[in-house]
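Notes follow the structure.
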Amino acid sequence: MCGRFTLRTPTASIANLFEDIAIPEIPANFNIAPTQKVAAVRQRTQQPSREFSWLRWGLLPAWASDIKMGSRMINARSETVQEKPAFRAAFKKRRCLILADGFYEWLATPHGKQPIYICLQDERPFCLAGLWECNSKLESKPLETCTILTTAANPLVAPIHDRMPVILRADHFDQWLDPDFKDADALQNLLQPFAAQEMATRAVSRNVNKVGYNHPDCLTPTATQGELF
DNA sequence: CCAGACGTTGTT
DNA sequence: GTCTGG
DNA sequence: CCAGACGTTGTT
DNA sequence: GTCTGG
């Protein structure tokens, strides 16, 4: 699954992914958690251009009347997302990209939970497949929220966890973002596990949840990586 | 018909 | 909003 | 996902 | 143990 991730790449490099979109300054965050604002790109219906948005992580359907519902909707299974009542409307018309450059999975060991950081081998930023919603029933201002799709773990991640977030290749951005693209099977085909040979894992400091979201020590390698599996 | 759920993960 | 269960 | 709380009453 | 908040 994906319950914590990072976005620490300098904003100028992130902007290179989207030449046509104005990207605001994005502070490095080494520990992005549910309910926080995540950096996203989306395209609204009947509007030609894409836009950058900050979205609250934890999808709250338009009809939800309890904000608690959103904090549990941090992931959507790609295998069932098109049918689930909480996600299917967003899947049809409100798909988005969530900017990231790595994510954490927690490996249970005899000595406790060991955070493992997973990113691309070249550590470049990438996009996670997301959905977004707008809810106006709860607060005076409309609340825009999102969720991250998950899929089966690839062979690199499988020893740590059986699920991983959907990473989209740049040549799939167009279809994923287009609210008028209706081919459900084609969309489903975008949600495959990312190539293991292009990714890397490393055990990192257990202080990831103590040192603070903006602290690079989140990614300090630990010495025990070889003993973990 | 109305009432109530609407989700994922990991663990047992 | 829409489906399921009673 | 993890960390932290997990309660009520009366008074300010 | 389980829920809530971040």
Inset, instruction - Between E:dG6 and B:dC6, how far apart are the C1' atoms? Round to whole Å, please. - result: 23 Å
Legend entry - Nearest-angstrom distance from the residue atom CG of A:Asn31 to C1' of D:dA3: 11 Å
Inset, instruction - Sorted by first residue and then second, give each salt bridge (charged side-chain N to carboxylate O under 4.0 Å, His left out) pair with at least one member in residues 171-182 of chain A; sequence neighbours left out. - result: A:Arg50-A:Asp174
Inset, instruction - Any side-chain hydrogen bond (donor to acceptor under 3.5 Å, both in side chains) involving residues 84-100 of chain A? Give me the pairs, sequence neighbours left out, ordered by first then second residue. - result: A:Arg94-A:Glu133
Legend entry - Nucleotide D:dC1, atom P - distance to CD1 of A:Ile118 in whole Å: 13 Å
Legend entry - A:Arg163 side-chain N/O to B:dT9 phosphate OP1/OP2 under 4.0 Å: yes
Legend entry - Nucleic acid contacts - residues 132-147 of chain A versus DNA chain B, non-hydrogen atoms under 4.0 Å: none
Legend entry - Listed once per pair and sorted, the side-chain hydrogen bond (donor to acceptor under 3.5 Å, both in side chains) pairs that draw on residues 118-131 of chain A, sequence neighbours left out: A:Arg8-A:Glu123, A:Glu123-A:Arg202
Inset, instruction - List in numerical order all residues of residues 83-102 of chain A for which some heavy atom is under 4.0 Å away from an atom belonging to DNA chain B. - result: A:Lys84, A:Pro85, A:Ala86, A:Phe87
Legend entry - Distance between C1' atoms of D:dA5 and B:dA5 (Å, rounded): 27 Å
Inset, instruction - For the pair A:Phe52 and A:Trp54, name the ring-plane relationship: parallel under 30°, tilted 30 to 60°, perpendicular over 60°. - result: perpendicular
Inset, instruction - With sequence neighbours left out, write down each residue that passes side chain to side chain contact (heavy atoms under 4.5 Å, CB included) with A:Leu168, or none if nothing qualifies. - result: A:Leu97, A:Ala129, A:Val166, A:Phe173, A:Trp176, A:Leu190
Inset, instruction - Provide, to the nearest angstrom, the distance between the CD atom belonging to A:Gln114 and the C1' atom belonging to D:dC2. - result: 14 Å
Legend entry - Straight-line distance of A:Asn29 CG to A:Thr6 OG1, nearest 0.5 Å: 8.5 Å
Inset, instruction - Would you mind listing every side-chain hydrogen bond (donor to acceptor under 3.5 Å, both in side chains) that reaches into residues 55-65 of chain A, with sequence neighbours excluded? - result: none
Legend entry - Any donor-acceptor pair under 3.5 Å from A:Thr151 side chain to A:Leu191 backbone: yes
Inset, instruction - Would you classify A:Ser65 as touching base, sugar-phosphate or nothing, given that sugar-phosphate means primed atoms plus P, OP1 and OP2, and contacts are heavy atoms under 4.0 Å? - result: nothing
Inset, instruction - Specify the separation, in whole Å, of atom CH2 of A:Trp57 and atom C1' of D:dC2. - result: 11 Å
Legend entry - Spacing of A:Lys113 atom NZ relative to D:dC2 atom C1', expressed in whole Å: 7 Å
Inset, instruction - Check the distance between D:dC1's P and A:Trp106's CH2 and give it to me in whole angstrom. - result: 9 Å
Legend entry - Main-chain N/O of A:Leu131 paired to A:Thr147 side chain as donor or acceptor, under 3.5 Å: no
Inset, instruction - Output all residues satisfying side chain to side chain donor-acceptor pair (under 3.5 Å) with A:Thr150, sequence neighbours left out; order by chain, then residue number. - result: A:Arg163
Legend entry - Flag side-chain contact, heavy atom, 4.5 Å: A:Pro165 against A:Glu105: yes
Legend entry - Near-parallel close stack of A:Phe103 and D:dC1 base (under 5.5 Å, under 30°): no
Legend entry - Euclidean distance, atom CG of residue A:Leu128 to atom P of D:dC1 [Å, nearest integer]: 16 Å
Legend entry - D:dG10 to B:dA3 separation - P atoms, rounded to the nearest Å: 35 Å
Inset, instruction - Give every residue pair that meets the salt bridge (charged side-chain N to carboxylate O under 4.0 Å, His left out) criterion with at least one member in residues 61-70 of chain A, sequence neighbours excluded. - result: none
Inset, instruction - Heavy atoms under 4.0 Å is the rule here; annotate nucleotides 1-6 of chain E 5' to 3' with B where the base is hit, S where only the sugar-phosphate is, and - elsewhere. - result: ---S-B
Inset, instruction - Output every pair passing salt bridge (charged side-chain N to carboxylate O under 4.0 Å, His left out) with a member in residues 16-25 of chain A, not counting sequence neighbours, ordered by first then second residue. - result: none
Legend entry - Spatial distance of atom CZ (A:Phe103) from atom CD1 (A:Ile167) [nearest 0.5 Å]: 5.0 Å
Inset, instruction - Determine the Euclidean distance between corresponding C1' atoms of D:dC2 and B:dT8; express it in Å to zero decimal places. - result: 15 Å
Legend entry - DNA chain B stem ranges, 3 or more consecutive Watson-Crick or G-U pairs under 3.5 angstrom: B:1-6 with C:1-6
